[in-house]
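Heads up, the thing below is written out as structure tokens.
Below, read A as the first sequence line, B as the second, and so on, with proteins coming before strands; counting in each chain starts at 1.
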2 protein chains.
Amino acid sequence: MIKNLNRETSITLVLDIIRKYGPINRCKIAKRTSLSPATVTNITDKLIKTGFICEIPTTISKRGRRPINLVLSNKNHLSIGIEIDSRRITGVIIGLSGDIVRKERVDINRSTPKDIFKRSIELYNSLIRNLDKKSIIGLGIGIPGLIDSKNKKVLFSAVLGWKDVSVEEFFEAIDTPIFIEDNVRAITLGELWYGAGIGRDNLLCIGAGRGISVGIVIDGSIYSGPNDRAGEFGHIVVEKDGKRCKCGNYGCLEAYVSTEAIIEKVLDGVKNNAYTGFSPKNENELFEEIIYTGKKGDKFILNIFEEVGEYLGIGLANLINLFNPELIILADELAKAGDLILEPVKRTIRLHALPPIPEIVTSKLGTLACAVGSATLAIKELLYSRLDRYLGG
Amino acid sequence: MIKNLNRETSITLVLDIIRKYGPINRCKIAKRTSLSPATVTNITDKLIKTGFICEIPTTISKRGRRPINLVLSNKNHLSIGIEIDSRRITGVIIGLSGDIVRKERVDINRSTPKDIFKRSIELYNSLIRNLDKKSIIGLGIGIPGLIDSKNKKVLFSAVLGWKDVSVEEFFEAIDTPIFIEDNVRAITLGELWYGAGIGRDNLLCIGAGRGISVGIVIDGSIYSGPNDRAGEFGHIVVEKDGKRCKCGNYGCLEAYVSTEAIIEKVLDGVKNNAYTGFSPKNENELFEEIIYTGKKGDKFILNIFEEVGEYLGIGLANLINLFNPELIILADELAKAGDLILEPVKRTIRLHALPPIPEIVTSKLGTLACAVGSATLAIKELLYSRLDRYLGG
DNA sequence: GGTTTTTATTTCAGTATATAAAATTAACTA
DNA sequence: TAGTTAATTTTATATACTGAAATAAAAACC
């Protein structure tokens with residue numbers, strides 16, 4: 001049990017400031033936390049001794065004693081993150097400040113939970129070879145679908161074709177805390193702590209791939225809703241009595257905006273002899289090929305992104321009107337399209353969203369976002385809930 | 001300045017529990033706050049001495065010493081709330097537990113800020129006659145429009161026809177802290193603390209009248225967004241390229257769902273000899289008359305509510321998919337329609353929202369919601385930020 | 001009816017955290 | 001070299017929180 005609640009929160013407060021605004025010196029931490037400099041000295045001493053943070057030399061030269069900057073340390077505590085999707089498993093090791101220490105990726109075909117988790121454990125073991133096991137603080141796993149992260153269950157995953165899969169049992173052999181999360185929330189956390197969202201407190205992260213959902217950051221933390229069902233962006237209605245969606249309803253955003261919808265449109269066009277330079281080659285890389293052709297200036301493809309962008313723009317305008325975010329990050333597959341999709345999106349937003357229009361950017365962590373974000377799950381848990389175990393001994 | 005941050009937060013914690021779950025005894029407070037019983041005794045002693053809470057006798061009879069229940073006290077601290085809208089000014093006095101001590105309402109026609117605030121001050125003085133001025137903790141004012149509550153400015157109000165009105169100067173004569181807030185957020189706060197939302201932490205409160213917006217409650221507190229622009233529910237697009245909205249765009253929810261849109265539809269029908277028993281009488285009470293006719297079973301009116309309800313249902317389904325709220329409260333003018341609108345709304349929601357479908361209810365505070373919520377602004381500020389001033393001396 | 005059990009609350013001594021104020025350190029400057 | 005400025009640390013102090021024991025107040029038991 002936590003022996004003293006206040007001490008815990010003060011330490012977390014300081015760590016939070018260092019994470020968000022580091023490198024930062026003790027004086028500034030004191031100001032930001034409204035703790036006294038004396039307290040900051042006490043806390044940072046402990047944190048340095050336990051290896052969470054370290055001092056780095058300052059070169060700036062004003063008058064007075066030079067401030068000593070503090071940053072999260074990447075040396076003593078490492079976290080592992082694994083992204084599972086239908087085509088591959090991606091693993092990373094990151095330090096507390098989000099630096100990627102190692103990364104590995106394996107392609108997969110099989111898709112039974114048992115097979116996939118077996119490959120995941122192989123990947124985990126490969127990643128941590130030669131590492132001091134004491135430095136590993138946890139393993140986070142990002143999985144597309146409906147996740148019960150508290151009970152470590154995959155309730156449903158359309159992409160993987162899973163239903164009611166309990167994750168914990170598969171990882172019994174691994175002697176480190178395990179965390180699972182829905183892939184888009186993992187991406188959101190990754191971008192918030194270590195990516196495009198650093199220093200922001202209210203942002204939305206759009207995970208657009210086969211499905212489309214939104215990671216919601218409110219006052220610096222991820223909002224999942226009381227039943228973890230928040231962020232079902234794909235099924236908001238943007239056109240009453242519109243196109244039929246896979247969910248059975250009509251006019252859902254996902255019916256218009258998803259890699260599948262785009263691929264379908266393109267293939268339809270090709271089949272009907274549309275004027276385009278696109279011809280499908282690798283079954284598995286269709287979307288990437290479409291983007292490639294689009295970026296070369298293919299009018300047919302450009303038009304499709306124009307259309308899709310308009311729908312996505314309406315969806316984002318709705319989000320802006322509701323959430324008034326500082327920033328919107330476009331992530332996952334669709335983000336690969338870059339300006340191809342961003343341009344029409346931004347144009348539509350200007351028409352439909354009430355000002356202020358937030359910045360809209362693509363993912364900074366790119367294809368590693370989910371794995372990094374998953375690793376961040378363990379770091380977050382450590383910094384917010386498990387600190388005492390490290391500070392006590 | 002707050003002398004000791006930790007003490008402050010513990011006291012607030014305890015007060016919060018008493019507010020949300022009171023009447024409640026010290027033992028249960030200790031469990032809920034994870035403070036020790038000893039600490040709870042200390043804190044509650046202080047709170048009793050300063051008149052924030054009081055003990056009430058317990059009648060239940062189990063084994064063991066009877067618990068002593070604690071509740072917020074209505075005796076020593078009172079808050080005034082005033083709602084300003086285009087047709088009337090409504091004032092209430094409430095105690096800390098939300099009990100309405102007094103209420104008054106005046107009709108107005110004039111609408112210059114100066115006139116309206118003059119009437120508001122008259123109302124204020126009338127409300128507080130014979131009261132011990134020391135017991136008054138503040139005055140909250142709810143105003144429809146875009147409010148800068150920090151700087152106490154009305155940036156824009158379509159309903160009142162105001163732009164850039166600084167509120168503070170008008171109330172210089174009043175010697176109590178003043179708070180202003182957008183009317184829907186005030187309603188939301190009122191319902192959350194003292195109305196249909198008691199004990200809930202994640203809910204949405206739909207303020208539907210001439211305009212339509214949503215008060216968002218996340219983890220027990222109201223989310224306004226970094227620029228106070230969150231909740232612009234009226235301008236989310238539910239039908240791409242749909243009906244033109246006053247804002248200039250097409251397909252906004254507000255174009256379909258608002259008292260104005262309903263009145264317009266009804267009058268149109270009457271003009272075109274629709275088969276209906278409705279005939280407009282009092283220019284100012286049109287909407288109430290429509291509801292009255294509808295509740296009598298008039299098919300024409302019922303159909304209109306059916307149509308409008310379908311649009312509102314789609315809007316709410318979108319909110320449910322995004323926010324996964326525990327509860328949705330329908331408030332303001334449209335709430336007066338009750339089941340007339342709730343039935344079609346619920347039906348549409350079942351079609352378009354992903355489960356779990358939250359409870360959907362109408363405002364509990366009714367026409368006093370905004371005034372009560374405005375008064376709550378002062379109470380909230382007192383409990384969260386001004387406690388030390390009372391506990392110190 | 002008195003004793004025991006149960007539960008709620010309070011007392012009290014001890015611990016530890018935060019603070020203010022003063023001291024120290026470490027730079028630059030005149 | 002002394003003076004100025006700014007960052008950090010030291011020190012003594014105050015106090016919030018806790019655990020454990022004590023007390024209070026009820027019902028249950030014999």
Interatomic distance where CG belongs to Leu35(B) and P belongs to dT9(C) [whole Å]: 15 Å

Salt-bridge criterion met for Asp201(A) and Lys20(A) (N-O under 4.0 Å): yes

OP1 or OP2 of dC17(D) under 4.0 Å from side-chain N/O of Thr39(B): no

Test: Lys380(B) and Glu181(B) ion pair at under 4.0 Å: no

Toward the 5' end of DNA chain C, by each residue's nearest nucleotide, Gly64(A) or Gly64(B): Gly64(B)

Separation of atom NZ in Lys49(B) from atom P in dT10(C), rounded to whole Å: 11 Å

Lys46(B) NZ - dC17(D) C1' separation (whole Å): 13 Å

Whole-Å gap separating C1' (dT9(C)) and NZ (Lys31(B)): 12 Å

Tyr223(B)-Tyr223(A) aromatic ring centre distance below 6.0 Å: no

Detail all sub-3.5 Å separations between protein N/O atoms and N/O atoms belonging to nucleotides 8-11 of chain D.
residue	atom	partner	partner atom	Å
dT8(D)	OP1	Ile68(A)	N	2.6
dT8(D)	OP1	Ile68(A)	O	3.3
dT8(D)	OP2	Arg26(A)	N	3.1
dT8(D)	OP2	Cys27(A)	N	2.8
dT9(D)	OP2	Arg26(A)	NE	3.1
dT9(D)	OP2	Thr41(A)	OG1	2.9

Separation of dT29(C) C1' from Arg63(A) CZ (nearest whole Å): 6 Å

Polar side-chain atom of Glu191(A) near backbone of Lys364(A) as donor-acceptor pair, under 3.5 Å: yes

Short side-chain N/O contact to dA18(C) OP1/OP2 from Ser10(A), under 4.0 Å: yes

Asp175(A), CG atom: more than 12 neighbouring heavy atoms under 6.0 Å: no

Distance in angstrom units between Ile29(B) CD1 and dT10(C) C1', rounded: 15 Å

N/O donor-acceptor pair under 3.5 Å between Ser374(B) side chain and Gly81(B) backbone: no

